[in-house]
Number of protein chains: 6
Amino acid sequence: MDAKTPSTGRSGAFESPPFKFVGISTFLHAAFVEDWSNVDIGLIGVPYDGGVTNRAGARHGPREIRNQSGLINKIHHRSKLAPFDLCRVADLGDVWVNTPFQPEMAIDNIADYYSRVHAAGIVPITAGGDHSIVLPILRGISAGRKLGVVHLDAHADTSPGRWNFELYHGGPFRMAAEEGLIDPHRTIQIGIRGATAVPGVWQYSIDSGMRVLEIEDVREMGLNAVIAEARRVVGDGPTYVSFDIDCIDPAFAPGTGTPEVGGLTTFEAQQLIRGLQGLDLVGADVVEVSPPFDATGLTALVGATMMFELLCVVAEATARRKGVQPKSARA
Amino acid sequence: MDAKTPSTGRSGAFESPPFKFVGISTFLHAAFVEDWSNVDIGLIGVPYDGGVTNRAGARHGPREIRNQSGLINKIHHRSKLAPFDLCRVADLGDVWVNTPFQPEMAIDNIADYYSRVHAAGIVPITAGGDHSIVLPILRGISAGRKLGVVHLDAHADTSPGRWNFELYHGGPFRMAAEEGLIDPHRTIQIGIRGATAVPGVWQYSIDSGMRVLEIEDVREMGLNAVIAEARRVVGDGPTYVSFDIDCIDPAFAPGTGTPEVGGLTTFEAQQLIRGLQGLDLVGADVVEVSPPFDATGLTALVGATMMFELLCVVAEATARRKGVQPKSARA
Amino acid sequence: MDAKTPSTGRSGAFESPPFKFVGISTFLHAAFVEDWSNVDIGLIGVPYDGGVTNRAGARHGPREIRNQSGLINKIHHRSKLAPFDLCRVADLGDVWVNTPFQPEMAIDNIADYYSRVHAAGIVPITAGGDHSIVLPILRGISAGRKLGVVHLDAHADTSPGRWNFELYHGGPFRMAAEEGLIDPHRTIQIGIRGATAVPGVWQYSIDSGMRVLEIEDVREMGLNAVIAEARRVVGDGPTYVSFDIDCIDPAFAPGTGTPEVGGLTTFEAQQLIRGLQGLDLVGADVVEVSPPFDATGLTALVGATMMFELLCVVAEATARRKGVQPKSARA
Amino acid sequence: MDAKTPSTGRSGAFESPPFKFVGISTFLHAAFVEDWSNVDIGLIGVPYDGGVTNRAGARHGPREIRNQSGLINKIHHRSKLAPFDLCRVADLGDVWVNTPFQPEMAIDNIADYYSRVHAAGIVPITAGGDHSIVLPILRGISAGRKLGVVHLDAHADTSPGRWNFELYHGGPFRMAAEEGLIDPHRTIQIGIRGATAVPGVWQYSIDSGMRVLEIEDVREMGLNAVIAEARRVVGDGPTYVSFDIDCIDPAFAPGTGTPEVGGLTTFEAQQLIRGLQGLDLVGADVVEVSPPFDATGLTALVGATMMFELLCVVAEATARRKGVQPKSARA
Amino acid sequence: MDAKTPSTGRSGAFESPPFKFVGISTFLHAAFVEDWSNVDIGLIGVPYDGGVTNRAGARHGPREIRNQSGLINKIHHRSKLAPFDLCRVADLGDVWVNTPFQPEMAIDNIADYYSRVHAAGIVPITAGGDHSIVLPILRGISAGRKLGVVHLDAHADTSPGRWNFELYHGGPFRMAAEEGLIDPHRTIQIGIRGATAVPGVWQYSIDSGMRVLEIEDVREMGLNAVIAEARRVVGDGPTYVSFDIDCIDPAFAPGTGTPEVGGLTTFEAQQLIRGLQGLDLVGADVVEVSPPFDATGLTALVGATMMFELLCVVAEATARRKGVQPKSARA
Amino acid sequence: MDAKTPSTGRSGAFESPPFKFVGISTFLHAAFVEDWSNVDIGLIGVPYDGGVTNRAGARHGPREIRNQSGLINKIHHRSKLAPFDLCRVADLGDVWVNTPFQPEMAIDNIADYYSRVHAAGIVPITAGGDHSIVLPILRGISAGRKLGVVHLDAHADTSPGRWNFELYHGGPFRMAAEEGLIDPHRTIQIGIRGATAVPGVWQYSIDSGMRVLEIEDVREMGLNAVIAEARRVVGDGPTYVSFDIDCIDPAFAPGTGTPEVGGLTTFEAQQLIRGLQGLDLVGADVVEVSPPFDATGLTALVGATMMFELLCVVAEATARRKGVQPKSARA
């Protein structure tokens, strides 16, 4: 018996089985690897939602994004970027949070994991999980740098702690700024909207110097101006992209914990991500996909699509940093 | 035992329990009251759908709008209006329709209820129910005035009676005009669309002097021009806002009885409501939310959000009428 | 204006509006009260699921059980018990857990609440929430007594702590026994089944003297013998009934966090509860109804129905303790 | 061009297209006919739910039962009855209720239709619609006879009128008995259960001499004894079978207006219907299938299956009355 | 008995029963006919999805589009076209594919059917089915002409064969061009988007001279320019319109086999179809509606609506070809 | 950087992450392997449904069974069998069907794969896919033996070919018998039911000597007698178990292509599988799980549970054949 029997488990999942529903699910058909020594970009799941204040469920996000990844192909139809040709991209599996009842320890687990990812020279693209995970991700990868941030979200997530607790999904960007992980002056928040429980809940964003574009600002300015403004704000420095799925309108992405009507379309979100091409992107995430509230799987499909859009621009940046000339595939 | 044990039943639902899924559901977290003597604005459910010609289910609308209200906060992110600070807002419960098999009596029940609401000096914001309920609401609150109307809908609802019956959801605005409850010349209908069963089904709108903007007109004019036109039409007089959820595209609000594709986005609907700030608003409704056709609850969430948007502009008008200077909260 | 305007908010919800979908939702149509001084049996929601190890969502259980309560009437068709005639039954609202990120504090919150319920002389019937809440409920109401327990569940929930944590939904009955809140020799567990992660996970049940009937035992013995055995085990002493919805097969109750196929039918579960009539019942719960996994609302309806079945036998016991002769209504 | 082009519209739908999802949907693949002159058994839809007191939706029942009919074949696997070989069976379309807002007129419409069906010598098998339609059906077909009735249901439907109205789905069998359309002493009600709103709501059943078997009676007696009792009660006289889908447990048939947990399994229901073979069956119905509450279509499939089971025993009786010797097909 | 008993089976379905859920479902309420001798436009179902490479289900499309047709009326609200007044429109039933396991034979079946439709002088409007059916439709109706094509889709469907197979839904337009059924220079593809599996997968479109507008092109040009370009490309010659439902964003039309986020809105799609009025339209289709992935029926409703939009412009063209002056109804 | 970084990708998935929703999904948490040299039992997916005659979708079965496997633990609660301790169990991934449009070639692909599995000394447990795959599985593993078969199903699947095609899911057991892969006299079919399209469709079963127990026979005999009969029929020889999910009632397992109401409960199915312990089991499958028709995931959970039940008895047999003494774990 030949041990190299062709299989549809993971490797070569793209070329081999003709149909998208075949084989074990990984992010965007990437091979799952346990050996991190040959990876440029790591696709990582963080199935943790211990920071939500309303509807839980984002813990199931990575699994469903992997499933819906089956529908995604590999060459970008517009930019012609082929990220799997530009970089060595792998699915690293999920972060192992073994203290879910103690958020402090969970956050430390995640931060430790990302420190090792960073130490391995891997650029992470994460599927959450709730938005509280962006704090330990930033702790793990900032490495003394103050990162710029392009933050797409319905909520600014710069609230002070509530109920004797800080590590919830409403405040990670405040904490990250206070800890010096990000530079508020190189941070832009796009798509903010929705009634607030208390006045000034997002005041920290303004006071710290972040650029805040509410959804109404986005529509008034137009997408091109928003993209230009984002590029201006983050500049040439290392930049992280955090994509909360609730930046998108719940008609397009209903499966999330705190939906706000009146949001971005998926088309707009795609344009915004594509507009970041050429920046010095050092990591990205898609968070708050909550499958229990996603009856049709559409939100996970949107999550997988946005993960692909992010992969394209992050791979282009990563290849550039490595001195590789990103060549366009002709789709 | 202290009878004033803190509870999460109804009062203080906003401040007290940190999470939105806690406590008995009321409209927008308002306290439910049985004593009407200290209420400026009453949030009222009318669980009646005896006027539908196709798919029933709007009878369950108030309940699900109350449920989805859990996701709504209290300070408007754009206008900074904080309606609960401007006015005394309460959930008055549901209208008691005890003759559902006799539409004539049901309509009389509802009209009688709203007469008492009006007599109590309460401005009503209603969650339906099908659109036939707007006739008895107007009978109850017009009080000899011919009200202006901003009517958002896919259907003009000015059809003559059918099948030996007038009190159905296709004709209330014709009847209201004929009864002198509303002024057709101060009435604007926005978002009308969809094939019709007979020619001239909405001819009454035109003939009576109403301003009719089909969805194509809305897109051609642009939102700002539509808002300006609405303000021009209704002018300074007392004005009622009737919001049929099917004005919105079924991608955003699938749970309704007679969906018509190609409608408004929720963002557009929000802008239209906000554009009414400053008018002399004397009541409003959100009708035709039909939970049995709303698999994900999204339509009820949209309904609750629109109810909040309406509450903001109605509260501003109500406070103004009372001589209160609406102060903006800083969200 | 008469402040006593008939309303469909809460009181008299049964008699007044003819239809079940009218009015603000409470448990089984009971009046919501904030004054505990005239209550014999309190229906209480505990919207907390901080103890789950897999799929969260039971935090939304009380709200949906209230909603589905609309379908339940008030006189038992078989026993003719009319609990609202036997006792003063009220919906007390939800327990106010304001430290959801610190399970230890949440559990203390709940225990404190039930101590006050007990001090007020109120017999509690609870809608969870996950099963970890039964520990603080028992802490609140055991009052120095070692209670007997009839425990219906797919899992024995007597596991030791995991991941440096004890207060999860897999171990409350072990902790309750160790704390002397319940008497293992007067405890019976019915419906246990499903593969286990480690050997002897439920060994504590056996070692401590609990009677464990796996689902196969139930089917082999027959319902009548199971009921007899349950009555024999708990005897005449004060007894608590804990009903985990996952004792029922997921075909009948899919909306739960850790479903196990091959369970009880709802008919069987109803017979088991009815078989407890005449015992000295001092409290009961229905836990683990998880609406995000309950696409059709069926599980919440089953939960509401079981809550009604429990109310009937608990009301009969409560009336008996008060010296009232339970009279049967003729349905 | 040959006008007799083979089509998959309606005729020969069984033999022709190999797959069940092809062609215009009719009940059980029967040909739709407008000419009633060659029909023994008519399959009829009554899309009317103007008699429901809670959740509407049964108006959509006929359409979805037709759709799910695609999954049903034509020879009974157990009895070997092949109803389409025994009788001329046709889909007659839907009853044309053009006064839905006036229940009295609607009921008259239906009664008139069934009078014509009866006059045409057609035995009707009806898909409802809510249970109020059984009254006009019986008015149309009793023809001076007092029919026996086998009534499967969770509710006895012999309640007095409520809210100044009699023609609702809670009382048709009381009215039918009072009008002399059915013989209470030849009527058996099977599967009754569920809490009641008022004492003695079904007292009329007992007082008039109907045999009432609650679900607990069914389980205690066993199916064979129930069948024997049903045959004893109705005897040799002409008998109608009324099948309310809510006799079945909502796990098996969730899509109905007033579900009651703890009901029959579909297997039990099938046995009960088959047990009626040989009686003098003169009509049957399947009512209360409510598609808006039937997320998966399962209830409509159950409805179609029960319609087929009824068709088999009704066709056998019809063939017998015509002097045809029912021959078994060998499946 | 009068054989002309009014029925709600099919004919006069529009005028007769007041409600849309009554009667046997046909496309857009058209009468189903087996005699093709008096038909101008035939509405045809092709329940075949043997050409899909990912998620099957479009075989159920015709049935659900017929069902959702119940919600569509008959006079266009904007163009005032009343297609049933302009032409004799009938539902011809489904194409009878009796060799589903042999795609080659199935495709031949379909082509043969459409040859006969064409020979009968009937203009076909088809509800698929997957997109592979457009090849045999074109084979059947091109009749030696090279048709122009307006093709709305997320995918260009001009791929070469894969896996030793050509007759799949990714390549029909390449095959049609190669066979001379369509003129690539008179073909425009609108809405193309989404990552591709291999470079140059749609290269045939470019190389053969088709005009390809990706979704980004559509948004940049604006709808009016796109319509003008489509009219320029197809010119005055005979033109076919092929509408793949996945041209629309999955928020609006989730029920399809290969959804691509970031697509057209239904409003945009409606405008594009209306913009074709006046062209020499000789046939049209709506394909890839896949009910198993359409939890709410919304996609089938969109499909039915687009079928109505296509019927309006095709009927106008057909009437014109017959020398009838299309008169506008006044809606 | 240590390449052996703990991961939650696949290995040790059981012990390591405390929660079931973490990590890449495999069947029953088994490690996915590409090297077949250390595997006793292979869990294999066959995502192929090219043999269905009605509703497709079983191609998605393996993926969803892997997902729902997250809820399954590893030690059987009743038999105490711990299959992962008894044997080396691995997930081998999916069979690579690269000719889906040519069923003949697809069937050959599958047969070839299973020949290699058999040559590697691996006992296969398969998740389908439709039931046509059992033919190539048997071709691959029968190895000149005539296998006994325990076949649980609603349909006997011994039909002759239809529409010029034999390789469909209605006939694999006839073909297997004709090819000498199975011994009809050592074959038992359990749970058969449902109307048939033509007389004698399953006559081959009877004529060839198979033992056929319809569902009514199962209920009349009782489970113990059915188990005894199954053991008598297959005797001591090598035996395959084929489990079509539609043997189970659609209330418990709605997500399948040809549901038949009135089927087994999951409890009954579990008992039947457990009753096979001790036989010489050489392979097993679970087929016809069709996720597009499984709105809640329940059917896939049932599929995963039955796969675990089969794994327990197959592992016991495999260990026995290897001379290992199956030791019970103490659950």
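Only heavy atoms go into these numbers, but all of them, side chains included; no hydrogens, no water, no symmetry mates. This structure is a prediction, so every number in the text was calculated from the model and none was measured. Protein chains get the first letters and strands the later ones, always in sequence-line order, with residue 1 at the start of each.
The two residues D/Leu71 and F/Gly257 make their nearest non-hydrogen contact at CD2-O, 3.9 Å. Looking at every heavy atom in both residues, D/Ala251 comes nearest to F/Ala251 through O-CB, 3.4 Å. Here the closest heavy-atom approach between residue F/Pro199 and residue D/Ile75 is recorded as N-CD1, 3.3 Å. Pairing each heavy atom of D/Phe308 with each of F/Ala195, the nearest pair is CE2-CB, 3.7 Å.
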- Task: Before giving the answer on side chain to side chain contact (heavy atoms under 4.5 Å, CB included), spell out for D/Thr266 and F/Glu260 the whole-Å C-alpha distance, their side-chain angles and the decisive distance to 0.1 Å.
- Result: CA-CA 10 Å; D/Thr266 46; F/Glu260 298 283 353; over 6 Å; no
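Within the 4.5 angstrom heavy-atom criterion, no atom of D/Glu268 approaches chain F. In this structure, no portion of F/Phe293 lies under 4.5 Å from any heavy atom of chain D.
Ranked by heavy-atom pairs under 4.5 Å with chain D, the first of F/Ile215, F/Thr258, F/Thr296 is F/Ile215. Between chain F and the residues D/Asp249, D/Leu298, D/Val302, D/Thr265, the most heavy-atom pairs under 4.5 angstrom are made by D/Leu298.
The line from CG of D/Asn224 to CD of F/Glu220 is 8.5 Å long, rounded to the nearest 0.5 Å. Separating the CD1 atom in F/Ile192 from the CZ atom in D/Arg78 is a distance of 11.5 Å, to the nearest 0.5 Å.
Of the possible donor and acceptor atoms, one in the side chain of D/His77 sits under 3.5 Å from a partner among the backbone N and O of F/Gly194.
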